[in-house]
Amino acid sequence: MKKLVQINTVCNTSTGKLMGDIQRKANASGYETLSIVGRRKPFSDLRCIKIGNGLSFWIHVCINTVLDRQGYASYFVTRRMIQKLRQEQPDIIHLHNLHGYYMNLPLLFDYLSKEFRGKIFWTFHDCWPFTGHCAYFTAVGCDKWEKECGKCPNKRVYPISLFADASRKNYADKKKMFTELNNLTIIVPSKWMEEMVRKSFFQNYPVITVNNGIDLQSFSYHRPLDELYEKYDISREKKIILGVANIWDGRKGLSDFLALAKKLPAGYQILLVGLTARQMKRLPSNMKGIRRTQDKKELVMLYSCASIFMNPSVEESFSLVTVEAISCGTPAIVLDTSAVKELICDENGIVLKKHGTADYLEAIKILEERRLSREQVSQTAQKYDVDVYAKRIVDLYHNF
């Protein structure tokens, strides 16, 4: 029986859920499995351990905030994790997000390059593995990562550094550490991400695109309950333009929604899921805000009551929320700046080359004229079945 160990920052959020889906499929395929996470609660239904703690996390945050050295703290936490790997003796190690203030990169990659003799898979959920600082760079139009980082324009963006700019050294260190692996296969969720990786210092490694997946049975149209409209003070008389994000920052396009609200026809209202209490206080009258919800059934009803899903994010490596929306039959408006454009066709939405308010208003008008049925839209999401995703990953394990 082969043994699989996966490593990620957390068990929740999109990356953690995908890790869990892989583990369940691997269990069903006869693998012995373990997931290791740095923070938050481990899986309750799967073999999983948490290695981090509050003290280690905050020390790591402080070091990064001052010195811009994400991945250079958490020494004792990582050392304990490596001891666990030695005990487990896995045949396969599948890395996910290694950023998030829980991992010491030199320790881990010294073990992987000098001691571990199995196969390594690494899913790039964002661009952090091949930059000197940031996870996303499209919004600032930066391409330094293609050759060498330095004078980072994203220093104040996650992982935030308020003082030092170590992006040049981080880039050199990552390049040296990461490219010493000779048993690595990179997995990416989109063709856009594959293109980015092939421009990076990982260009000589095998790169395989496997689209992320969702639970299509859960994310399907459900007639919204009356209580939902009452709970969030949503008007039944107006059409809803919905946006969903874990964090509404500059990259996600909150400013686009606020600008659109000023010109939105009277028959529409905007509903955003994932706002902070502070952000919600600043919304105009034709916008409603909801805090982040872990209630999947409620989220499905929110997708189902919307007329249009809008994702104005300038950079996404995939976009599960867009797939969830179209799976519920809600057509989407997205930008052509990153991977999310790969999810959209004439049968489920519109891809914008420009994202001014006038462009969004025109896209809304065009979608209304197309009169796409929910069944027609949801049909385009069927290829993103989570079972298909997990099976493809496990098939890669079989073939190494």
Side-chain angles (χ1 to χ4, degrees), residues 2-27 31-53 56-57 60 70-130 135 159 174 177-178 180-181 183-189 202 205 208 210 212 317 389-390 393-394 396-397 400:
K2 288 185 178 179
K3 183 176 289 188
L4 163 70
V5 173
Q6 296 186 87
I7 302 172
N8 192 35
T9 317
V10 292
C11 281
N12 60 353
T13 73
S14 59
T15 62
K17 291 174 183 175
L18 291 169
M19 181 173 70
D21 294 327
I22 293 169
Q23 187 170 0
R24 292 181 186 92
K25 181 62 72 174
N27 285 342
Y31 286 79
E32 184 179 348
T33 66
L34 171 69
S35 285
I36 299 175
V37 295
R39 295 162 36 203
R40 302 178 187 170
K41 293 181 179 180
F43 292 123
S44 59
D45 63 329
L46 295 167
R47 186 166 177 252
C48 180
I49 59 172
K50 183 178 80 169
I51 58 167
N53 56 67
S56 174
F57 169 77
H60 204 143
Q70 171 72 232
Y72 291 86
S74 302
Y75 178 88
F76 295 104
V77 166
T78 306
R79 192 170 70 173
R80 287 196 299 272
M81 185 195 72
I82 292 171
Q83 284 298 110
K84 183 64 177 176
L85 291 173
R86 289 177 177 136
Q87 293 171 10
E88 293 290 323
Q89 295 186 329
D91 301 285
I92 301 166
I93 293 178
H94 189 154
L95 308 174
H96 292 272
N97 280 345
L98 297 183
H99 56 81
Y101 312 105
Y102 79 105
M103 183 68 68
N104 185 284
L105 296 175
L107 275 181
L108 174 62
F109 280 85
D110 186 68
Y111 163 77
L112 292 176
S113 62
K114 296 179 180 178
E115 188 173 337
F116 180 64
R117 293 294 176 264
K119 179 64 178 178
I120 302 169
F121 292 89
W122 190 355
T123 295
F124 289 3
H125 296 285
D126 54 44
C127 300
W128 179 86
F130 50 86
K174 284 183 178 181
M177 280 188 292
F178 299 167
E180 285 180 344
L181 301 178
N183 52 353
L184 170 66
T185 295
I186 297 167
I187 301 171
V188 293
F202 286 103
Y205 285 92
I208 299 172
V210 181
N212 293 340
S317 62
Y389 162 79
I393 298 294
V394 174
L396 292 177
Y397 300 158
F400 88 85

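Computed over heavy atoms, backbone and side chain alike; hydrogens, waters and symmetry mates excluded.
Between Y31 and Y397, the ring-plane angle classifies as perpendicular under the 30° and 60° cut-offs.
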Stepwise side chain to side chain contact (heavy atoms under 4.5 Å, CB included) test for H60 and V77:
CA-CA 11 Å; H60 204 143; V77 166; over 6 Å; no
Show your reasoning for whether side chain to side chain contact (heavy atoms under 4.5 Å, CB included) applies to M81 and L108.
CA-CA 9 Å; M81 185 195 72; L108 174 62; 3.6 Å; yes
Run the side chain to side chain contact (heavy atoms under 4.5 Å, CB included) check on R24 and D45 step by step: do they pass?
CA-CA 9 Å; R24 292 181 186 92; D45 63 329; 3.1 Å; yes
Under the side chain to side chain contact (heavy atoms under 4.5 Å, CB included) criterion, do L105 and L98 qualify, and how do the steps go?
CA-CA 8 Å; L105 296 175; L98 297 183; 4.2 Å; yes
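Closest approach of E180 and S113 over heavy atoms only: OE1-OG, 4.0 Å. Of all heavy-atom pairs between R40 and N12, the closest is NH1-OD1, 3.2 Å. Between N8 and Y102, the shortest heavy-atom contact is C-OH, 3.3 Å. Residues C48 and C11 approach most closely at SG-SG, 3.6 Å, considering heavy atoms. Contact between R117 and K114 at its shortest, heavy atoms only, is NH2-O, 3.0 Å. V394 approaches K25 most closely through the heavy-atom pair CG2-CG, 3.6 Å.
F76 CZ to L107 CG: the interatomic distance, rounded to the nearest 0.5 Å, is 10.0 Å. Atom-to-atom distance recorded for I22:CD1 and T33:OG1 is 11.0 Å, nearest 0.5 angstrom. Here L34 contributes atom CG and Q6 contributes atom CD; the two are 9.5 Å apart, rounded to the nearest 0.5 Å. Here L396 contributes atom CG and I208 contributes atom CD1; the two are 4.5 Å apart, rounded to the nearest 0.5 Å.
In this structure the side chain of F121 never reaches within 4.5 angstrom of the side chain of I393, judged on heavy atoms. Here the side chains of K119 and T185 are in contact, with some heavy-atom distance below 4.5 Å. The shortest distance between side-chain heavy atoms of P159 and Y101 falls below 4.5 Å. Residues L18 and H125 are in side-chain contact: their nearest non-hydrogen atoms beyond the backbone lie under 4.5 Å apart. Inter-residue side-chain proximity for T123 and M19 is flagged as unmet; no heavy-atom pair is nearer than 4.5 Å. Counting heavy atoms from C-beta on, the side chains of Y111 and L85 come closer than 4.5 Å. Side-chain contact between I36 and I49: present, with at least one pair of heavy atoms (C-beta onward) separated by less than 4.5 Å. Between I120 and L95, the closest side-chain pair of non-hydrogen atoms falls below 4.5 Å.
When atom types are taken as modelled, the side chain of E115 and the backbone of D110 share no donor-acceptor pair closer than 3.5 angstrom. In terms of modelled atom types and a separation under 3.5 Å, the side chain of R39 and the main chain of G100 share a donor-acceptor contact. Under the 3.5 Å distance criterion, the side-chain polar atoms of R79 are left unmatched by any main-chain donor or acceptor of Y75. Although no hydrogens or angles enter the test, the distance criterion places no donor-acceptor pair under 3.5 Å between the side chain of E88 and the main chain of K3. In this structure, the side chain of Y389 does not engage the main chain of D21 through any donor-acceptor pair within 3.5 Å. No side-chain donor-acceptor contact under 3.5 Å links S56 to the backbone of S74.
A distance below 6.0 Å separates the ring centres of W122 and F178.
Enclosure of atom CD in Q89 is not indicated, since only 12 or fewer non-hydrogen atoms of other residues, nucleotides or ligands lie within 6.0 angstrom.
In this structure, a donor-acceptor pair under 3.5 Å is present between the side chains of D126 and H99. A donor and an acceptor atom, one from each side chain of R86 and Q83, are located under 3.5 Å apart. Defined by atom type and a distance below 3.5 Å, a donor-acceptor pair is missing between the side-chain atoms of N97 and T9.
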